[in-house]
Amino acid sequence: MKIKDSKAYRETYQQWMDKQTEINKTEARLTDLEREAAELKQQIDNYKQQKIND
C-alpha cells in the first residue's frame, strides 16, 4: 500500500509542477502583452500629439 501511495504522491506532485510551469509561462506571456500594449499606447499618444502639432 505504501508504494502505491508514494506513486500517487509523485504523480500528483508532477501534475502540480506541470501546472506551475504552465502558470509561469502564462504569466510571462501576460507580462509581454502588457509591455507591448504600453508601447502601442505610447505610439498612439505620440501620433496624436504629432497630429495636434501639425
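One-based numbering along the sequence shown.
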Partners of Tyr13 by ring-ring contact (aromatic ring centres under 6.0 Å, His included), sequence neighbours excluded? Trp16
Output all residues satisfying salt bridge (Lys or Arg N to Asp or Glu O under 4.0 Å) with Lys51, sequence neighbours left out; order by chain, then residue number. none
State plainly whether the residues Lys19 and Glu22 are in salt-bridge range, i.e. N to O under 4.0 Å. yes
Restricting to salt bridge (Lys or Arg N to Asp or Glu O under 4.0 Å), what partner residues turn up for Lys41, sequence neighbours left out? Asp45
Using the test side chain to side chain donor-acceptor pair (under 3.5 Å), find all partners of Arg35 that sit at least two apart in sequence or belong to another chain. Asp32
The criterion is side chain to side chain contact (heavy atoms under 4.5 Å, CB included); which residues satisfy it with Ile23, sequence neighbours excluded? Gln20, Glu27
Output for pair (Met17 CE, Thr12 OG1), nearest 0.5 Å, gives 13.5 Å
Under the side chain to side chain contact (heavy atoms under 4.5 Å, CB included) test, residues paired with Gln42 that sit two or more places apart: Asn46
